[in-house]
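Have a look at the structure below, then the notes.
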Amino acid sequence: QRRVHGHLSQALHRCDGQLGRRPAQACRGLEAPVSKLPEEFQMIDKLSWIAVSPEIVLLAMACVILLVDLGVKSPQRTLTYVLTLLTLAVVAALTAAFAVGGNTVYGFGNMVVSDPMANW
């Protein structure tokens, strides 16, 4: 074995990791698997998806509109125009519904905030 000069990581001194062995398991049962965490500590829940639903609708419809536009032969592209306006109307309605509700919704471990000020 080759010796390396310098300090070793603190993880090596604990049970978190060891050289030349399989990946470390939960350290003395202190680390809980994600599935056993209480619901308030799970990062992705139904409320998280609700908080970002206008953005998800916009992204999905942008992809649909791009694919539909590939098949449009008309130079005016009326179908693309109508789909775009409908998408903007739906996204505006979702955003307005969140704003009028006046609730503040946190999602994805408090990394996303949907509050009335952000929605207007």
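In what follows, every heavy atom counts, from backbone to side chain, and hydrogens, waters and symmetry copies are set aside.
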Open item on the list: What I'd like to find out is whether the side chain of Phe98 reaches to under 4.5 Å of the side chain of Ser53, using heavy atoms alone.
Closed with: yes
Task: Donor-acceptor pair, side chain of Asn119 and main chain of Asp115, under 3.5 angstrom - done: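 Yes, Asn119 side chain to Asp115 backbone: donor-acceptor pair under 3.5 Å.
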Open item on the list: If we ignore hydrogens and angles and just use 3.5 Å, is the side chain of Ser48 paired with the main-chain N or O of Gly107 as donor and acceptor?
Closed with: no
Approximate separation, where rounding is to 0.5 Å, of [X] [atom1] and [Y] [atom2]:
X: Leu47; Y: Phe108; atom1: CG; atom2: CZ; value: 10.0 Å
X: Ile50; Y: Asn103; atom1: CD1; atom2: CG; value: 11.0 Å
X: Leu70; Y: Ile65; atom1: CG; atom2: CD1; value: 12.5 Å

Open item on the list: Give me the atom names and distance for the closest heavy-atom approach of Arg77 to Val72.
Closed with: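 Closest heavy-atom pair between Arg77 and Val72: NH1-O, 3.1 Å.
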- [ ] Indicate the atoms forming the closest heavy-atom contact of Ser114 with Ala51, along with that distance.
- [x]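 Shortest heavy-atom separation between Ser114 and Ala51 comes out as CB-O, 4.1 Å.
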Using the rule that Ile, Leu, Val, Met, Phe, Trp and Tyr join whenever any side-chain heavy atoms are under 4.5 Å apart, tell me whether [X] and [Y] fall into a single cluster.
X: Trp49; Y: Val112; answer: yes
X: Val52; Y: Val105; answer: no
X: Val64; Y: Leu79; answer: yes

Open item on the list: With side-chain contact (heavy atoms from CB on, under 4.5 Å) as the test, pick out the partner of Thr80 among Val82, Leu83, Thr78, Thr84.
Closed with: Thr84
